[in-house]
Amino acid sequence: MISYKTISIFRRSLEQLLKVKRGVYSGVENEIRSAFQGVAIEDIRKNRDVILYKDDAIVIKLRIPDHKNRLSKSNGFRLLYLVYNEFEDVVLLDIYPKRGPMQKLDLSKEEYLNLYHTFDQEDADNSLIPYEIE
């Protein structure tokens, strides 16, 4: 069974998205769940944009739609997550929209590395928080 966890950066980003006025991003959690529900770990590991290989882990950028705002995958959200080659663990690292008031076009190489280092530290501190998908 796949275990989903989050780092503090993801939780902060999700909280900020949900606070945007008029509920612009209120469908984000449904979109995250839809992206992973019923998907095998092998499919979660492949067919995505690989951002970083580190030891036994892969950091992947997943494009997910924003159905609430009628935006396709190319204009919806970007979800960054880490998945292991050998374990059935998925760690959600960050999420951001491609359009709207909190839009980001991409992250810098330093921001990607910061996500990994935050994960590494929080994993060592045992402070990753479970995230319910199903």
Side-chain angles (χ1 to χ4, degrees):
M1 183 170 173
I2 302 171
S3 168
Y4 295 90
K5 298 177 184 170
T6 64
I7 65 171
S8 57
I9 294 171
F10 172 84
R11 294 189 300 272
R12 191 170 32 256
S13 294
L14 184 61
E15 182 180 326
Q16 290 172 345
L17 288 172
L18 293 172
K19 285 183 178 179
V20 172
K21 291 182 181 178
R22 297 185 308 273
V24 172
Y25 302 120
S26 63
V28 66
E29 287 189 292
N30 288 334
E31 300 296 354
I32 294 168
R33 287 186 179 96
S34 292
F36 289 108
Q37 279 180 334
V39 179
I41 191 70
E42 294 81 20
D43 293 328
I44 292 172
R45 288 184 185 123
K46 66 179 182 180
N47 297 329
R48 307 283 194 259
D49 290 333
V50 174
I51 302 299
L52 177 70
Y53 286 102
K54 192 79 167 168
D55 302 323
D56 188 38
I58 307 166
V59 175
I60 297 172
K61 176 171 43 175
L62 174 64
R63 290 166 173 81
I64 55 177
D66 181 356
H67 288 106
K68 181 180 180 296
N69 291 305
R70 298 185 182 134
L71 296 174
S72 66
K73 288 181 178 183
S74 63
N75 290 313
F77 297 103
R78 300 296 182 263
L79 176 63
L80 298 162
Y81 64 90
L82 179 141
V83 64
Y84 294 99
N85 285 319
E86 296 183 18
F87 305 108
E88 291 194 357
D89 293 337
V90 176
V91 181
L92 306 179
L93 303 174
D94 198 6
I95 187 159
Y96 60 91
K98 181 100 183 251
R99 299 281 183 257
M102 291 185 63
Q103 79 177 19
K104 288 184 194 177
L105 297 179
D106 203 0
L107 299 181
S108 68
K109 186 181 270 188
E110 293 78 27
E111 288 172 306
Y112 288 126
L113 290 173
N114 181 50
L115 289 171
Y116 182 81
H117 292 304
T118 300
F119 155 74
D120 199 35
Q121 183 63 49
E122 291 183 12
D123 187 38
D125 294 344
N126 211 16
S127 60
L128 299 175
I129 304 292
Y131 189 80
E132 196 64 39
I133 294 292
E134 311 245 4

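Under a 3.5 Å cut-off, the side chain of Thr6 and the backbone N or O of Ile129 do form a donor-acceptor pair. Remark: side-chain polar atoms of Glu88 are not paired, donor with acceptor, to backbone N or O of Ser3 under 3.5 angstrom. When atom types are taken as modelled, the side chain of Glu122 and the backbone of Leu128 share no donor-acceptor pair closer than 3.5 angstrom.
Contact of the Tyr112 side chain with the Leu80 side chain is registered, since non-hydrogen atoms from C-beta on lie closer than 4.5 Å. Residues Val59 and Leu93 meet the side-chain proximity criterion, which asks for heavy atoms closer than 4.5 Å. The closest side-chain heavy-atom distance from Tyr131 to Leu14 is below 4.5 Å. Tyr96 has its side chain within reach of Asp106: a pair of non-hydrogen atoms, C-beta onward, lies under 4.5 Å apart. Two residues are said to be in side-chain contact when any heavy atoms from C-beta on lie closer than 4.5 Å; Glu31 and Leu71 fail this criterion.
Nearest heavy atoms, Val24 versus Asp66: O-OD2, 4.4 Å. In terms of heavy-atom proximity, Ile2 sits nearest to Ile41 at CD1-N, 3.7 Å. Closest of all the heavy-atom pairs between Asp94 and Ser13 is OD1-OG, 2.6 Å. When all heavy atoms are compared, the tightest approach of Glu86 to Arg45 is C-NH2, 4.1 Å. The two atoms that bring Arg78 and Lys61 nearest to each other are CD-CD, 3.9 Å, heavy atoms only. The two residues Ile51 and Ile60 make their nearest non-hydrogen contact at CG1-C, 4.2 Å.
For the atom pair CG (Asp56) and CG (Asn85), the distance works out to 5.0 Å, reported to the nearest 0.5 Å. Here the CG atom belonging to Leu113 is positioned 10.5 Å from the OG1 atom belonging to Thr118, to the nearest 0.5 angstrom. One distance of note links NE2 of His67 with OG of Ser72; it measures 9.5 Å at 0.5 Å rounding. We find the CD-CD distance between Glu132 and Glu29 to be 11.5 Å, quoted to the nearest 0.5 Å. Of the inter-residue distances, the one linking Leu107 atom CG with Asn114 atom CG reads 10.0 Å to the nearest 0.5 angstrom. A distance of 9.0 Å separates CG of Leu82 from CD1 of Ile7, quoted to the nearest 0.5 Å.
Take Tyr116 and apply the ring pair (Phe, Tyr, Trp, His ring centres under 6.0 Å) test, not counting sequence neighbours, and it matches Phe119.
Two rings, from Phe36 and Tyr81, have their centers less than 6.0 Å apart.
No single ILVMFWY cluster, assembled from side-chain heavy atoms under 4.5 Å apart, contains both Leu62 and Leu105.
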Verify side chain to side chain contact (heavy atoms under 4.5 Å, CB included) between Met102 and Val20, making sure each step is shown before the conclusion.
CA-CA 8 Å; Met102 291 185 63; Val20 172; 3.3 Å; yes
Between Leu79 and Phe10, does the side chain to side chain contact (heavy atoms under 4.5 Å, CB included) criterion hold? Intermediate values first, please.
CA-CA 9 Å; Leu79 176 63; Phe10 172 84; 3.7 Å; yes
CA sep, side-chain torsions, deciding dist, call: Ile64, Ile95, side chain to side chain contact (heavy atoms under 4.5 Å, CB included)
CA-CA 10 Å; Ile64 55 177; Ile95 187 159; 4.2 Å; yes
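Residue Lys104 qualifies as enclosed at atom NZ: its count of foreign heavy atoms under 6.0 Å is above 12.
Listed by first then second residue, pairs satisfying salt bridge (Lys or Arg N to Asp or Glu O under 4.0 Å) with a partner in residues 4-22 read Glu15-Lys19, not counting sequence neighbours.
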